[in-house]
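Each remark here refers to the structure printed beneath this line.
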Amino acid sequence: MSKWDMSNFPPSNHSLWRENALKELKTKQLDSLQWHYDPDVIIQPYYEEADAPFSLAADANAELLPHQQIGRLWYYLDSVTVDTQITDNKDANEIALESLGQGADGILWKLKEVDQQAHVTLFKDIGFEYCQNAFQVTQWGVAEEAFFQRLFSGSFLKKDILPGFLFYDPTSDSDKALRIEALFPQGTMFRPHCFDATSKLASSLSPTGQIAYMLSAFVERCKKLTDAGVSINTIVDRMIVCVSIGRDFFHEMAKIKAIKVVLSQAANHFEGGKVSPADIKIYSQANVNTHSVVDPYVNLIRMTSAAMAGVNGGASYLSMPGFDSRNPFSPGQFSQRISRNISNLLRDESYFDKNCDPMAGSYFLEKLSADLASEGWRKMQKVESSGGFSSSLSGSYWQDEANNFEEKERALISSRKLNVVGVNNFCDLSLFESFPTLKSYNNEGSLLSSFEHLRIKMEDYLAKQSGQSRPAAMAIFFGDKQASLARYNFVKGVLPAAGINVAEWVPWSPQHAAPFSADTQLIIVCSSDQDYIESGPAVFQALKVQCPKAHLVLAGNPGSNEEQLTKAGIDSFIHLKSDFVKMLSSYQKLFGI
């Protein structure tokens, strides 16, 4: 037997692929295979080596493991909120020590309040030199400066080092940026300069929009700091870039790599700049705008995907919210522990730390990284030519960009072209037994709010109607069973999004009436297009006689037969092009909801 190698596969190229693809597509166009997540970047269905600019980011990996030239290192930060209205400093300290003892690599201290006397209690037994510490504050003033001045000048730091960063972005306030630079001593391994893209505005932008936002902010602040005598290399050594990880796994990996590339290129435009992509340190956290409040357990999958994207993309720091973080009534201690374990599993059981750049060699991901970087750079230049970051921030440019992208995302979710498990498809109607507090939760503001409003409206109704069973739609089929089954399964995926159950389907027979009561409110009819026209009218009329109050729904797109089917007794249609939110709301009204 001859030795097997890749030469056994015939060579391929764009022309050969196009030729074969057109044969299989038949009447469809190649454009139908393109993928548009970021509206300014088109994903093609085929890439080859010539498309991949491998020189783009050959050293964009994150920190290499100490004394080792393979693998990579990231730190997982557990969040500890310091707010005297919720928990005192002693409790916060105990939570932090427990997190460090259970696998966290460091703590993200969310300082809702800055207590000048908190240091001794809050940081008791915290070995700053052995773990990473990030400090998130909502504002910057005299109290915050005094807090950090005492931290760095007191006896809390052993060996005068504090690995970590400041999670506060002064945006366009150059005075604050200069005060922060002067306050935090160099040589402590602490990064005081934060460029934050996790805010509601920034995280609502498209991937290229986020890159442009970050790049514009970086350029403007570096100009001010370098004008004040701070070298660009010092700025990079003392800065952290904070990003949120959205729903698309591949785009988010490529986005992080692109950010490292464009920021290093921008830094090297300054005098004396000697910055590589690997010098850009990134903190990543999951964006919860597509996290489900009605099915929180599925958020574990979303957070695992986000963590994988952050690690593979080259993030140096990682933090995940609890899977029930959108539920303000949940204590979240268990879910926070599960989130922490995601990082531990990726490192200790999936060996994500053994490869410094998993994206290298993927033609698709290398090309996507390059496209995101170039488009983000183009948008940054547009902002610069229009007055710079501060001018665009005070105007409506970024908000308009965010609104446009969110509108597109909401439309995809509402039309179910984007499936969100547990929200607009594959909904588990039993979960509210475990999360009763959600029945009074207002979930406006999420990208999922249109569907979640329907679901919570139903659960609230059931809570008030003690002992009443969940409304259910009846289902019948006739004719082509294979076509009927496909349409029945489609309906079973749609109606539970509004909290409506779908009963097991039953066959229709003119000899035996369907087992429906005269008070049945909603009946779904499933069959093939041909059977709807040929056999349907008799079935519809018989159902109308048996269940005079029922609203008959035909599963499938009627096309040009809509008028004929409506006259035969069909009240509405459900298919891929339906307005699902409007349709489901009308179904709820049938049950008095």
Side-chain angles (χ1 to χ4, degrees), residues 38 53 55-63 72 74 165-167 169-172 177 181 191-199 202-203 205-226 230-245 251-285 309-310 312-317 357 359 366 368-384 388-390 392-393 398:
D38 190 300
S55 61
L56 169 73
D59 59 347
N61 57 288
E63 299 171 56
R72 53 176 307 277
W74 74 88
F165 59 91
L166 175 66
F167 198 158
D169 188 345
T171 57
S172 56
E181 166 62 27
R191 297 174 176 271
H193 296 300
C194 173
F195 296 89
D196 182 18
T198 66
S199 65
S203 61
L205 295 166
S206 67
T208 55
Q210 292 179 44
I211 294 170
Y213 180 94
M214 187 66 61
L215 189 54
S216 299
F218 174 79
V219 169
E220 180 174 278
R221 196 186 311 172
C222 286
K223 286 180 179 177
K224 294 173 180 177
L225 288 173
T226 53
V230 184
S231 75
I232 187 63
N233 297 319
T234 298
I235 296 171
V236 172
D237 286 342
R238 285 161 56 79
M239 81 176 195
I240 189 73
V241 177
C242 300
V243 300
S244 60
I245 307 297
H251 274 80
E252 296 306 314
M253 275 197 295
K255 179 185 77 177
I256 291 179
K257 193 168 190 176
I259 288 174
K260 294 164 78 75
V261 171
V262 296
L263 291 185
S264 64
Q265 291 178 348
N268 289 330
H269 278 78
F270 287 84
E271 182 179 355
K274 295 180 180 179
V275 178
S276 74
D279 295 326
I280 308 298
K281 304 306 178 186
I282 290 182
Y283 160 85
S284 65
Q285 65 181 36
N312 285 341
S316 300
Y317 297 92
D357 191 0
M359 295 170 58
E366 291 286 353
L368 178 57
S369 298
D371 289 347
L372 292 176
S374 61
E375 182 61 26
W377 191 278
R378 185 193 66 80
K379 288 185 176 182
M380 178 274 292
Q381 290 178 317
K382 179 180 177 181
V383 170
E384 288 295 297
F389 179 70
S390 293
S392 64
L393 194 61
W398 296 112

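Quick note: residue numbers are just sequence positions, from 1. Just so you know, these numbers use all the heavy atoms, side chains as well, and skip hydrogens, waters and symmetry mates.
Scanning for side chain to side chain donor-acceptor pair (under 3.5 Å) contacts around S392 gives W398, with sequence neighbours left out. Here D169 pairs with R221 under the salt bridge (charged side-chain N to carboxylate O under 4.0 Å, His left out) rule; sequence neighbours left out. Looking at residues two or more places apart in sequence or on another chain, you find no salt bridge (charged side-chain N to carboxylate O under 4.0 Å, His left out) involving K382. Take T198 and apply the side chain to side chain donor-acceptor pair (under 3.5 Å) test, not counting sequence neighbours, and it matches D196. Residues that satisfy the salt bridge (charged side-chain N to carboxylate O under 4.0 Å, His left out) test with K274, not counting sequence neighbours, are absent from this structure. E384 is linked by a side chain to side chain donor-acceptor pair (under 3.5 Å) to K223, counting only residues two or more places apart in sequence or in another chain. A search for ring-ring contact (aromatic ring centres under 6.0 Å, His included) contacts involving H251 returns W35, Y37, not counting sequence neighbours. For the side chain to side chain contact (heavy atoms under 4.5 Å, CB included) test, residues two or more places apart in sequence or in another chain that qualify with A197 are A202, M214. By the side chain to side chain contact (heavy atoms under 4.5 Å, CB included) test, S203 is found to be paired with S244, N287, residues two or more places apart in sequence or in another chain being considered. With sequence neighbours excluded, the residues forming a side chain to side chain donor-acceptor pair (under 3.5 Å) with S231 are T234, listed by chain and number. Annotation: ring-ring contact (aromatic ring centres under 6.0 Å, His included) contacts of Y283 (sequence neighbours excluded): F165, F167.
Using a 4.5 Å heavy-atom threshold, the side chains of I245 and I256 count as touching. Counting heavy atoms from C-beta outward, E375 and S206 have side chains that stay 4.5 Å or more apart. Residues Y317 and I282 fail the side-chain proximity criterion, which asks for heavy atoms closer than 4.5 Å. At least one side-chain heavy atom of S369 sits under 4.5 Å from a side-chain heavy atom of M359. The shortest distance between side-chain heavy atoms of Y213 and F389 falls below 4.5 Å. S276 is not listed as a side-chain neighbour of S264, based on a closest heavy-atom distance of 4.5 Å or more. With a 4.5 Å cut-off on side-chain heavy atoms, K257 and N312 do not count as touching. Residues I232 and C222 form a side-chain contact, since some pair of their non-hydrogen atoms from C-beta on lies under 4.5 Å apart.
A distance of 5.5 Å separates CD1 of I211 from CD1 of I259, quoted to the nearest 0.5 Å. Between C242 atom SG and Q285 atom CD the span is 7.5 Å, to the nearest 0.5 Å.
Residue P192 comes nearest to L166 through the heavy atom pair O-CD2, 3.6 Å, listed as atom of the first residue, atom of the second, then distance. Minimum interatomic distance between G272 and N233 (heavy atoms only, all atoms of both residues): O-ND2, 2.9 Å. Minimum interatomic distance between A266 and F218 (heavy atoms only, all atoms of both residues): CB-CE2, 3.9 Å. Scanning both residues, M239 and L263, for their nearest heavy atoms gives CE-CD1, 4.3 Å.
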Dump the intermediate steps for side-chain contact (heavy atoms from CB on, under 4.5 Å) on F270 and I235, then the final yes or no. CA-CA 11 Å; F270 287 84; I235 296 171; over 6 Å; no
Margin query: Run the side-chain contact (heavy atoms from CB on, under 4.5 Å) test on H193 and V236 for me, step by step, so that the C-alpha distance in whole Å, both residues' side-chain angles and the decisive distance to 0.1 Å come before the verdict.
Written below: CA-CA 9 Å; H193 296 300; V236 172; over 6 Å; no
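A donor-acceptor pair is defined here as one N or O able to donate and one able to accept, closer than 3.5 Å; such a pair exists between the side chain of Q210 and the backbone of L205.
For residues 206-217, the set of pairs meeting the salt bridge (charged side-chain N to carboxylate O under 4.0 Å, His left out) definition, not counting sequence neighbours, is empty.
Using a cutoff of 4.0 Å between basic side-chain nitrogens and carboxylate oxygens, D279 and K260 are not scored as salt-bridged.
With no hydrogens or angles considered, a side-chain donor-acceptor pair links S390 and E220 at under 3.5 Å.
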